[in-house]
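The next block holds one structure in the form of structure tokens; read it before the comments.
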Amino acid sequence: MKINVLFTHTSIEELFFTGKTAVVIDVLRATTTITTALMNGAKEIIPVNSIEFAIKFSGGFGGQTLLGGERHAKKIEGFHLGNSPSEYTHEAVNNKAVILFTTNGSKAIVKAKFAENLICCCFNNLSIVAKYLVQLGKNFEVVCSGTNGLFSLEDSVCAGLLIAEVIKLNPAIELNDSGEAALLLAKQYHKNILKMMEKADHGKLLIENGFSDDLKYCAKLSCYDIIPVFNSSSIKALPHAEIEKLLAN
Ligand code: MLT
């Protein structure tokens with residue numbers, strides 16, 4: 001199984017992903033928020049790559065659809081929810097669709113939309129995603145959302161930990177250079193993920209904006225058995241029965 005890590009995706013064309021398996025990571029906070037929303041009963045998450053499109057698109061839905069997301073880490077004016085996972089409670093999102101715009105994460109997901117299999121990963125669901133990828137048995141691209149086109153430490157460490165988890169289940173892995181580097185970063189930082197995020201660029205920005213609890217939440221490792229899967233235009237949780245099968249193996 002071959003695993004490629006993309007530390008950023010800005011120079012990659014959408015068509016690059018056609019027919020591939022892609023795992024998008026935006027630990028702080030889009031893929032953590034998506035995982036949380038689905039765990040709390042959200043029907044689907046519709047990722048979009050512009051605020052204008054989010055607003056236009058929301059006009060076509062009824063009252064069961066929420067607008068969520070951030071700009072400069074803060075809730076967007078007129079939106080129901082920001083991008084803090086703490087807002088995506090059962091009361092807020094159960095049975096609802098959420099149209100989500102975020103600066104980097106939702107854009108990375110939209111970029112990879114032509115992938116045959118497109119999965120969202122974060123620290124919270126890392127172990128179950130690794131099991132799923134091993135079961136799929138296909139080569140895959142790990143897409144780090146990064147920060148404004150630049151490398152981000154937390155996404156890269158998460159990519160490395162995901163690879164380490166996959167290797168535990170299937171040691172016959174071939175990595176590109178970024179994959180080797182991600183694995184080294186994971187070895188360096190896995191013992192204190194929260195500390196790593198507190199000194200990361202985006203972590204610092206979130207702390208400055210009053211979101212230090214989000215960092216604690218996003219640092220929790222493999223606490224949810226939720227696999228967010230993108231299909232045609234929205235992200236849904238992989239059905240419970242399939243998760244049960246994965247857990248049984
Ligand atoms: C992003 O997509 O850039 C992030 O999720 C931003 C954030 O919520 O802090």
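For ligands, and for the atoms within them, numbers begin at 1 and follow the listed sequence. For the numbers below, each heavy atom of this structure counts, side chains included, while hydrogens, waters and symmetry mates do not.
Considering backbone and side-chain atoms alike, Ala73 places every N or O at 3.5 Å or more from each N or O of ligand 1.
Each of the atoms 1 (C), 2 (O) of ligand 1 lies under 4.0 Å from some heavy atom of Gly105. Each of the atoms 5 (O) of ligand 1 lies under 4.0 Å from some heavy atom of Ala30. Near Leu28, with a cut-off below 4.0 Å to any heavy atom, the atoms of ligand 1 are 4 (C), 5 (O), 6 (C), 7 (C), 9 (O). Under a 4.0 Å criterion applied to the non-hydrogen atoms of Thr103, ligand 1 contributes the atoms 1 (C), 2 (O), 3 (O). Near Glu70, meaning under 4.0 Å from one of its heavy atoms, ligand 1 places the atoms 1 (C), 2 (O), 3 (O), 4 (C), 6 (C), 7 (C), 8 (O). For ligand 1, the atoms lying closer than 4.0 Å to a non-hydrogen atom of Leu206 are 9 (O).
In terms of protein heavy-atom proximity, atom 9 (O) of ligand 1 is closest to His202 NE2, 2.6 Å.
If you check each of Thr33, Asn83, Asn104 against atom 3 (O) of ligand 1, the one with the closest non-hydrogen atom is Asn104.
For the residue pair Ser145/Asn104, the side-chain donor-acceptor check at 3.5 Å is not satisfied.
Taking hydrophobic clusters as Ile, Leu, Val, Met, Phe, Trp and Tyr residues chained together by side-chain heavy-atom distances below 4.5 Å, Val24 shares a cluster with Leu100.
A cation-pi arrangement, defined by a distance under 6.0 Å to the six-membered ring centre and an angle within 45 degrees of its axis, is absent between Arg29 and Tyr217. The cationic atom of Lys138 (NZ for Lys, CZ for Arg) does not lie both less than 6.0 Å from the six-membered ring centre of Phe140 and within 45° of the ring axis.
If you look at Asp26 next to ligand 1, the close heavy atoms, those under 4.0 Å, all belong to the side chain. Residue Arg29 touches ligand 1 through backbone and side chain together, judged by heavy-atom distances below 4.0 Å. Contact annotation for Leu205 and ligand 1: no heavy atom of the residue comes within less than 4.0 Å of the ligand.
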Please determine whether side chain to side chain contact (heavy atoms under 4.5 Å, CB included) holds for the pair Glu165 and Leu126, giving the CA-CA distance in whole Å, both sets of side-chain angles, and the decisive distance to 0.1 Å. CA-CA 8 Å; Glu165 200 73 19; Leu126 192 123; 4.2 Å; yes
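Glu70 is not listed as a side-chain neighbour of Phe79, based on a closest heavy-atom distance of 4.5 Å or more. Two residues are said to be in side-chain contact when any heavy atoms from C-beta on lie closer than 4.5 Å; Val229 and Ile235 fail this criterion.
The six-membered or imidazole ring of Phe17 lies away from that of Phe114, with a centre-to-centre distance of 6.0 Å or more.
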